[in-house]
Protein chains: 2
Amino acid sequence: MPDNTITDKILGNKNLKITKARKLILETLKGSLPKTASEIFTLVRDKDGELSLSTVYRTCETLSQKGILLKSNLIDDGVARYEYLETEHIHHAICLGCKKIFPIEDCPFGQFDKLMQSKYDFDVKSHRIEIYGYCHDCKQKQKEK
Amino acid sequence: MPDNTITDKILGNKNLKITKARKLILETLKGSLPKTASEIFTLVRDKDGELSLSTVYRTCETLSQKGILLKSNLIDDGVARYEYLETEHIHHAICLGCKKIFPIEDCPFGQFDKLMQSKYDFDVKSHRIEIYGYCHDCKQKQKEK
DNA sequence: TTAGATGCAAATGTTTTGCAGGGCT
DNA sequence: AGCCCTGCAAAACATTTGCATCTAA
C-alpha cells in the first residue's frame, strides 16, 4: 500500500528517512515564500501535528544540506528563513518599506556562470539575486509623506 | 583648520556627527571585504582606539540605515556582516568550501531594473547578486577526495 | 535490531537596550 | 547648552547541543 507522495519520493531519493517532521515541514514550505523556523513551527502546529522548535531547526538544517531547502537571510533581520528549492529558478524582490518578499520569475543570468568560470576559475553551483526597493503599495505611501 | 577627509565628508553629507567611532569604523571597512561586528571591534582595537562592541553594533546599524554601509548575511552562518558601500557596483562570489568571499566586478544587471519597473511596478533601489560555488583552491581539494 | 530522529531543557553566541556619563556642534 | 553618542552591564533572541527516548528501515 505504498502512498508514494511527491514528498516521500523527495526524501527517499536523498537517503532520508520519511518522518512526520520532515513531511510536515516540506508540506508547509512547498510553494510558499521563505519562512523562519518559528513561523514553520507555528504553521505546523496550526495544521496537524506537534513538532518541537529544535526539531524544526534540525530538520530544516538537514534538508538544506541535502539541497532540498534553501536557507537564506534575505531581509537581514537576524533571522534565517527556509524555502523550498523549486526546480524552476526563482529570485526575490524585497520591499524596503513593508519587508514583503516578492518572487521574481525572470532570471537575467543566462551566460554569467560561464564568465565566472573563465575569468575567475570559480565553479558556480548556484546563485541568488536579491532586489531591494519599494513595491507598488509602499511607493504610494512614500508619496503621501 | 578643517581636515576634511573623505570620511568626514561622507558623514557630514548625511547629517551625522563626526565621531571617533564612526571614523574608525569607516576607515576599517573602507576598501575591504564584509566584516562582522566583532571583527571590526578587534581590528579597531588593534589599530588605535578603544570602542565598545555595542558601539560597533550601534554605529554599523546607523551607517547602514543611512546607506553608507551595507548589512548582509552572505554566508548564512548567523552572523551579520557590514561592508562599505562603494560607489562602484560590486557583487560577491562565496566559496562553499572555504567560505571565502570574492568580489566580482562584473554586473550583468544592465536593464533588469527597468523590467522590474514595468512588469512588477517595483521601484528598484539596489540589488545584490550572490554566487555560490567552489573557488580555484577548493576545486583542487575536491578532486583529491 | 539499530542507526538515525525527536523532545526537552540547558547552553551558546549574537545583537539589542537602559541608563549614566561624555563629546560634538 | 543641548542633543546625540558611547560604555557598561544586563536582557533579549535565535540557534545549537547533550542526553534520554522513540521510530523508521
pair A:Glu83-A:Leu33: side-chain heavy atoms closer than 4.5 Å |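 When only atoms from C-beta onward are counted, A:Leu33 and A:Glu83 do not touch, as no gap falls below 4.5 Å.
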Between D:dA14, D:dT6, D:dT16, which nucleotide has the shortest distance from any of its atoms to the side chain of A:Val79?
->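 Closest nucleotide to the A:Val79 side chain: D:dA14.
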Taking for each residue the nucleotide of DNA chain D bearing the nearest heavy atom, is the 5' side occupied by B:Thr62 or by A:Glu61?
->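 That would be B:Thr62.
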Polar atom pairs between nucleotides 10-12 of chain C and protein, under 3.5 Å, N or O only, would you list them?
none

Under the side chain to side chain contact (heavy atoms under 4.5 Å, CB included) rule, what do A:Leu63 and A:Leu29 come out as? Steps first, then yes or no, please.
-> CA-CA 12 Å; A:Leu63 296 179; A:Leu29 249 26; over 6 Å; no
Does any residue of residues 35-46 of chain A have a heavy atom under 4.0 Å from DNA chain D, and if so, which ones, in number order?
->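 When residues 35-46 of chain A is checked for heavy atoms under 4.0 Å from DNA chain D, there are no hits whatsoever.
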Return the set of residues passing side-chain contact (heavy atoms from CB on, under 4.5 Å) with A:Thr42 (not counting sequence neighbours), or none when no residue passes.
->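 Partners of A:Thr42 by the side-chain contact (heavy atoms from CB on, under 4.5 Å) criterion, ordered by chain and then number, come out as A:Asp46.
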Sequence neighbours left out, what passes side-chain hydrogen bond (donor to acceptor under 3.5 Å, both in side chains) with B:Thr28? Give chain and number order.
->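 side-chain hydrogen bond (donor to acceptor under 3.5 Å, both in side chains) check on B:Thr28 returns B:Lys47.
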Take the C1' atoms of the five end pairs on each side of the helix from C:dT1-D:dA25 to C:dT25-D:dA1, get both axes, and report the angle to 10 degrees.
->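 Computed from the C1' atoms at both ends, the axes differ by 50°.
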Give the intermediate values and the outcome of side chain to side chain contact (heavy atoms under 4.5 Å, CB included) for residues B:Thr62 and B:Arg22.
-> CA-CA 10 Å; B:Thr62 304; B:Arg22 288 172 181 165; 4.2 Å; yes
Between the protein and nucleotides 22-25 of chain C, which nitrogen or oxygen pairs are less than 3.5 angstrom apart?
from   : atom 1 : to      : atom 2 : distance (Å)
C:dG23 : N2     : B:Lys17 : NZ     : 3.3
C:dT25 : OP1    : B:Ile18 : N      : 2.9

Between atom CZ of A:Phe41 and atom SG of A:Cys60, what is the distance when rounded to the nearest 0.5 Å?
->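 Answer rounded to 0.5 Å: 12.5 Å.
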Residues which pass side-chain hydrogen bond (donor to acceptor under 3.5 Å, both in side chains) with B:Gln65, listed by chain and number, not counting sequence neighbours |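 Result, side-chain hydrogen bond (donor to acceptor under 3.5 Å, both in side chains) vs B:Gln65: none returned.
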Quick one: are A:Leu51 and A:Arg45 in side-chain contact, heavy atoms under 4.5 Å?
->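 The answer is no; the side chains never approach within 4.5 Å.
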Take the protein atom CD of A:Glu50 and the nucleotide atom P of D:dT23, then report the distance between them rounded to whole Å.
->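 Atom-to-atom, A:Glu50 to D:dT23, this comes out as 15 Å.
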Start with the C-alpha distance between B:Leu16 and B:Lys66, add both sets of side-chain angles, then the distance that settles side chain to side chain contact (heavy atoms under 4.5 Å, CB included), and finish with yes or no.
-> CA-CA 9 Å; B:Leu16 289 172; B:Lys66 289 286 183 176; 3.9 Å; yes
Do the side chains of A:Ile40 and A:Ile25 get nearer than 4.5 Å, heavy atoms only?
->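 They are in contact (side-chain heavy atoms under 4.5 Å apart), so the answer is yes.
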Apply side chain to side chain contact (heavy atoms under 4.5 Å, CB included) to B:Leu26 and B:Tyr84, showing your working.
-> CA-CA 7 Å; B:Leu26 282 181; B:Tyr84 193 97; 3.8 Å; yes
Mind checking salt bridge (charged side-chain N to carboxylate O under 4.0 Å, His left out) for B:Lys71 and listing every partner two or more places apart, or none if nothing turns up?
->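 Testing B:Lys71 for salt bridge (charged side-chain N to carboxylate O under 4.0 Å, His left out), a comparison that skips the adjacent residues, returns B:Glu61.
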Roughly, in whole Å, what's the span from CG in A:Leu63 to P in C:dA5?
->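 Distance, rounded to whole Å: 10 Å.
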Nearest whole angstrom, please: distance from the P of D:dC5 to the NZ of B:Lys23.
->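 Result: 15 Å.
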What residues form a side-chain hydrogen bond (donor to acceptor under 3.5 Å, both in side chains) with A:Thr55, not counting sequence neighbours?
->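 Scan of A:Thr55 (side-chain hydrogen bond (donor to acceptor under 3.5 Å, both in side chains), adjacent residues dropped) gives A:Ser52.
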Got a sec? Which of residues 53-60 of chain A come in under 4.0 Å of DNA chain D, heavy atoms?
->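 By residue number: A:Ser54, A:Tyr57, A:Arg58.
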With sequence neighbours excluded, tell me which residues meet salt bridge (charged side-chain N to carboxylate O under 4.0 Å, His left out) with A:Arg58.
->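 Salt bridge (charged side-chain N to carboxylate O under 4.0 Å, His left out) list for A:Arg58, sorted by chain: empty.
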Considering residues at least two apart in sequence or located in another chain, which fulfil the side-chain contact (heavy atoms from CB on, under 4.5 Å) criterion with A:Thr36?
->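 Checked A:Thr36 against side-chain contact (heavy atoms from CB on, under 4.5 Å); matches are A:Ser38, A:Glu39, A:Val79, A:Arg81.
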For residues A:Ser64 and A:Leu70, determine if any side-chain heavy atom of one lies less than 4.5 Å from a side-chain heavy atom of the other.
->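 No - every pair of side-chain heavy atoms lies 4.5 Å or more apart.
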Nearest-Å distance for atom pair OH/P, residues A:Tyr82 and D:dA14 =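 To the nearest whole Å, that distance equals 13 Å.
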